[in-house]
There are 2 protein chains.
Amino acid sequence: MSSTHTHSKKSQSLTKNQRIVLDLLQNSGEPLKAYFILDSLKKEGLNSPLQVYRALDKLVELGKIHKIESINSFIICNNSNCASNTAFTICERCGKVKEIKNKYLTDGVSDLVKDNQLEITRYNLEFYVLCKSCKIN
Amino acid sequence: MSSTHTHSKKSQSLTKNQRIVLDLLQNSGEPLKAYFILDSLKKEGLNSPLQVYRALDKLVELGKIHKIESINSFIICNNSNCASNTAFTICERCGKVKEIKNKYLTDGVSDLVKDNQLEITRYNLEFYVLCKSCKIN
DNA sequence: ATTACATATGTAATATTATAACACTTAGAG
DNA sequence: CTCTAAGTGTTATAATATTACATATGTAAT
């Protein structure tokens with residue numbers, strides 16, 4: 001028989017708490033704060049901050065979500081698990097956050113890093129902008 | 001007579017609290033946390049967190065210091081008041097932080113931003129590294 | 001199946017980071 | 001001199017995050 005049955009299940013299966021936190025972030029699509037997540041998932045059985053933070057930590061570690069440091073919030077990764085390098089735009093007026101998918105930009109940054117002989121293990125880029133709808137109004 | 005005497009003094013003179021907080025950050029050279037600053041300056045008359053946060057907010061606004069979001073810390077600006085664009089390296093092992101002065105890198109980022117037609121008002125770049133002394137050990 | 005181990009869970013307490021509200025003071029422009 | 005914007009001092013409280021510890025669960029090897 002093939003050896004496929006021997007591969008670890010861990011990489012595929014999330015625990016219940018990790019699952020419900022990930023689902024909430026997935027469905028929301030926007031950055032959420034830990035205590036908002038806690039409130040939202042009380043009915044699913046989440047009772048304490050620690051349960052939320054533990055799930056969030058694990059999901060960050062797995063690259064499934066990112067933490068946006070400047071707003072203490074977490075957002076689903078929409079780059080199919082980027083290698084923990086992150087780049088966001090944050091609207092200075094309304095706070096709306098978008099993950100930057102622009103490959104030219106991120107490749108450019110990676111090249112710059114290489115050219116400058118910085119041995120970067122990962123990076124987090126936060127670009128502050130005025131988003132389209134805020135610019136109009 | 002010339003109009004030079006009408007220019008505001010505000011842009012030059014810091015208040016006492018702003019001054020002592022700035023001096024501490026200047027002398028330290030490394031990132032400090034708000035409550036550490038508070039403890040350090042108790043003897044100078046700082047009594048409450050708010051006094052520290054107000055001074056820090058103002059100094060950030062003036063571009064004299066930067067906040068490093070991912071470690072909730074503040075560091076003196078060593079680029080003679082950069083236009084609120086910031087770039088740091090953070091050692092993943094020992095936590096040591098350095099502001100990146102590399103003009104090629106920051107110009108490169110600015111160019112990338114322009115090329116991608118992102119209308120950035122400012123940015124904060126956090127590069128995680130393994131610093132020299134941590135790499136050796 | 002049973003043990004061993006790493007990982008996750010549940011819970012309470014507490015630490016850390018940051019802001020709200022309010023009364024008062026000071027510096028600088030007119 | 002007076003008005004105003006900015007800063008101060010203080011108390012209380014909000015928001016964010018972790019420590020400690022006992023228990024439970026999933027997986028791999030026996």
Side-chain angles (χ1 to χ4, degrees), chain A residues 1 3-25 31-62 64-75 95 97, chain B residues 1-23 25 31-62 64-75 95 97:
Chain A
M1 72 185 77
S3 67
T4 52
H5 74 287
T6 65
H7 68 192
S8 167
K9 246 185 186 171
K10 281 185 200 167
S11 59
Q12 313 170 41
S13 62
L14 300 175
T15 66
K16 182 203 146 219
N17 288 354
Q18 291 159 10
R19 183 84 259 157
I20 60 177
V21 169
L22 182 62
D23 284 348
L24 180 63
L25 284 166
L32 302 181
K33 289 175 171 265
Y35 277 72
F36 175 89
I37 293 171
L38 176 56
D39 287 342
S40 303
L41 297 178
K42 280 254 165 74
K43 50 184 181 298
E44 315 282 344
L46 277 197
N47 292 309
S48 82
L50 197 45
Q51 293 176 299
V52 175
Y53 281 108
R54 285 196 285 223
L56 289 171
D57 285 351
K58 192 65 190 181
L59 292 170
V60 166
E61 190 188 320
L62 295 174
K64 299 201 175 296
I65 66 173
H66 301 304
K67 179 170 189 182
I68 303 165
E69 297 288 354
S70 57
I71 54 173
N72 301 315
S73 300
F74 299 84
I75 192 170
V97 173
Chain B
M1 72 185 77
S2 89
S3 65
T4 52
H5 73 287
T6 64
H7 70 190
S8 166
K9 246 187 186 170
K10 282 185 198 168
S11 59
Q12 312 170 41
S13 62
L14 299 175
T15 66
K16 183 203 146 219
N17 287 355
Q18 291 159 10
R19 182 85 260 155
I20 60 177
V21 169
L22 183 62
D23 285 348
L25 285 166
L32 301 181
K33 290 176 171 263
Y35 278 74
F36 175 89
I37 293 171
L38 176 55
D39 287 342
S40 302
L41 296 178
K42 279 254 164 75
K43 51 184 181 299
E44 316 282 343
L46 277 197
N47 292 308
S48 81
L50 200 44
Q51 294 176 296
V52 175
Y53 281 108
R54 284 195 287 222
L56 289 171
D57 285 350
K58 192 65 190 183
L59 293 169
V60 166
E61 190 189 317
L62 295 173
K64 299 201 174 296
I65 65 172
H66 301 303
K67 179 170 190 184
I68 304 166
E69 297 288 354
S70 57
I71 55 173
N72 302 314
S73 299
F74 299 85
I75 193 170
V97 172

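All chains are named by letter (A, B, ...) in the order of the sequence lines, taking the proteins before the strands, and each is independently numbered beginning at 1. In what follows, every heavy atom counts, from backbone to side chain, and hydrogens, waters and symmetry copies are set aside. The model shown is predicted, which means the values in this text are computed figures rather than measured ones.
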### Query
Per the end-axis method with five pairs at each terminus, what is the bend angle of the helix from dA1(C)-dT30(D) to dG30(C)-dC1(D), to 10°?
40°
#### Entry: Residue pair Leu14(B), Val21(B): steps toward the side-chain contact (heavy atoms from CB on, under 4.5 Å) verdict
CA-CA 10 Å; Leu14(B) 299 175; Val21(B) 169; over 6 Å; no
### Query
Gln51(A) has a side chain; which of dT9(C), dG9(D), dA8(C) sits nearest to it?
dT9(C)
### Residue list, side-chain hydrogen bond (donor to acceptor under 3.5 Å, both in side chains) with Ser70(A), at least two apart or on another chain
Glu126(A), Tyr128(A)
### Task
Look at Thr15(B) and dA6(D) and indicate whether a side-chain polar atom (N or O) is within less than 4.0 Å of OP1 or OP2.
no
### Task
Strictly below 4.0 Å, heavy-atom distances to any atom of DNA chain D: list the hits from residues 67-75 of chain A, or just say none.
Lys67(A), Asn72(A)
### Task
Return each pair, listed once, that meets side-chain hydrogen bond (donor to acceptor under 3.5 Å, both in side chains) where at least one residue sits in residues 37-60 of chain B; pairs must be two or more places apart or across chains.
Lys58(B)-Glu61(B)
### Summary
Taken to the nearest whole Å, NZ/Lys58(A) to C1'/dT9(C) is 14 Å
## Note on the structure
NZ (Lys67(B)) and CD1 (Ile75(B)) are apart, to the nearest 0.5 Å, by 14.0 Å
## Note on the structure
Between the CD1 atom in Ile37(A) and the CG atom in Leu46(A), the distance rounded to the nearest 0.5 Å is 9.5 Å
### Query
Minimum heavy-atom separation for Leu22(B) to Lys64(B), with atom names?
CD2-CD, 3.9 Å
### Query
Where do Ala34(B) and Val52(B) come nearest, in terms of heavy atoms and distance?
O-CG1, 3.6 Å
#### Entry: Protein-nucleotide distance (Leu14(A), atom CG; dT25(D), atom P), rounded to Å
18 Å
### Separation of dA15(D) C1' from Leu32(A) CG (nearest whole Å)
16 Å
### Task
Of all the heavy-atom pairs spanning Phe74(A) and Leu25(A), show the shortest one and how long it is.
O-CD2, 3.2 Å
### Message
Can you tell me if Ser13(B) touches the phosphate of dA27(C), counting only side-chain N or O atoms and a distance under 4.0 Å to OP1 or OP2?
### Response
no
### Query
Going by heavy atoms closer than 4.0 Å, what residues in residues 38-48 of chain B are next to DNA chain C?
none
#### Entry: Test item: Ile71(B) and Pro31(B) side chains (from C-beta on) under 4.5 Å apart, heavy atoms
yes
### Message
From CG of Leu56(A) over to C1' of dT16(D), roughly how many Å is that when rounded to an integer?
### Response
12 Å
### Query
Separation of Arg19(B) atom CZ from dG7(D) atom P, in whole Å?
14 Å
### Message
Within this structure, what is the CZ-CG distance for the pair Phe36(A) and Leu24(A), rounded to the nearest 0.5 Å?
### Response
6.5 Å
### Task
Output the distance between atom CG (Leu38(A)) and atom CG (Leu32(A)), rounded to the nearest 0.5 Å.
12.5 Å
### Query
Distance check: side-chain N/O of Lys33(B) vs OP1/OP2 of dT17(C), anything under 4.0 Å?
yes
### Message
Minimum heavy-atom separation for Ser73(B) and Lys33(B), please, with both atom names.
### Response
OG-CG, 3.4 Å
### Inter-residue atom distance Leu59(A).CG - Leu62(A).CG, 0.5 Å rounding
6.5 Å
Pull out every protein N or O sitting under 3.5 Å from an N or O of nucleotides 18-23 of chain D, one pair per line with the distance.
none

